[in-house]
Amino acid sequence: MIRAAVPSDVPELVAMIHELAEFENLSDQVVVTEADLSAALFGPGAVGSDTVVDLGDGTLAAHALWFRTFSTFLGKTGIWLEDLYVRPEHRGQGYGAALLVHLRQLTAGRLEWEVLEWNAPAIDFYERLGARPMAGWTKYRWVAG
């Protein structure tokens with residue numbers, strides 16, 4: 001069942017963030033705590049949302065962490081998908097596609113995300129759904145500190 005995350009999901013969501021970082025060889029960059037994520041998703045002034053696949057017994061098979069964006073060109077809100085993660089033992093069962101379709105239905109604007117260039121299985125998956133890479137754009141990041 002696809003549903004909005006609730007505060008009691010936070011420990012599993014943080015665990016999945018760590019699992020994704022390990023897969024992406026980025027574990028050394030993860031500093032998020034349960035308190036951080038809880039505040040970002042459920043606190044006053046929450047900035048993000050998380051949608052989960054709950055197997056019915058409280059087990060989370062997958063999640064999509066996202067937030068609203070706005071396109072001045074379209075004049076519409078969109079969604080930025082920060083993380084899409086399906087636990088390895090639950091892959092190939094349609095959960096990732098179901099989460100993306102669900103998010104697509106939440107906006108008349110853009111659904112956007114990034115994928116690591118080396119992650120061929122993810123790229124193939126996204127392209128099978130009809131998503132396409134954005135040519136001609138360079139990503140910038142300015143880190144505080």
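Note that the coordinates shown come from a computational prediction; the quantities given were computed from them, not determined experimentally.
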Identify the heavy atoms of V30 and A21 that sit nearest to each other, and give their distance.
CG2-CB, 3.2 Å

dist R110:CZ -> L74:CG (nearest 0.5 Å) comes out at 4.5 Å

Close side-chain approach of L100 and F125, heavy atoms under 4.5 Å
yes

To the nearest 0.5 Å, what is the distance between CG (L65) and CE (M16)?
10.0 Å

Count I, L, V, M, F, W, Y as connected when their side-chain heavy atoms are under 4.5 Å apart, and connections chain through other members. Are L129 and L84 then in the same cluster?
yes

For the student: nearest non-hydrogen atoms of A5 and L13, plus distance
CB-CD1, 4.0 Å

Can you give me the closest heavy-atom contact between R87 and L60, atom names plus distance?
NH1-O, 3.1 Å

Hey, quick one: are Y126 and L116 part of the same hydrophobic cluster, counting side-chain heavy atoms closer than 4.5 Å, chains of contacts allowed?
no

Can you tell me how far CG of L111 sits from CH2 of W66, rounded to the nearest 0.5 angstrom?
10.0 Å

Same cluster (ILVMFWY, side-chain, under 4.5 Å), V101 and L99
no

Would a distance-only check, ignoring hydrogens and angles, find a side-chain to backbone donor-acceptor pair under 3.5 Å from D124 to P121?
no

Nearest-0.5 Å distance that lies between atom CG in D83 and atom CD in E114
10.5 Å

Hphob cluster co-occupancy, I17 + L26, side-chain heavy atoms under 4.5 angstrom:
no

Separation of W80 CH2 from T107 OG1 (nearest 0.5 Å)
14.0 Å

Over 12 foreign heavy atoms within 6.0 Å of CD, E89:
yes

Between W113 and Y85, is the ring centroid distance below 6.0 Å?
no

Out of curiosity, does L103 fall in the hydrophobic cluster containing V52 (side-chain heavy atoms, cut-off under 4.5 Å, transitive links)?
no

Does the side chain of R68 come within less than 4.5 Å of I79's, by heavy atoms?
yes

4.5 Å side-chain heavy-atom contact, R3 and D9:
yes

Shortest non-hydrogen contact from A62 toward Y95
CB-CB, 4.3 Å

Straight-line distance of T51 OG1 to L106 CG, nearest 0.5 Å:
6.5 Å

For the student: nearest non-hydrogen atoms of F70 and T77, plus distance
CD1-N, 4.0 Å

Other residues, nucleotides and ligands only: do more than 12 of their heavy atoms fall within 6.0 Å of CH2 on W137?
no

Mark yes when over 12 heavy atoms from residues, nucleotides or ligands other than E127 sit less than 6.0 Å from its CD; otherwise mark no.
yes

Identify the two heavy atoms, one from A64 and one from L81, that lie closest to each other, and give their separation to 0.1 Å.
CB-CD1, 3.8 Å

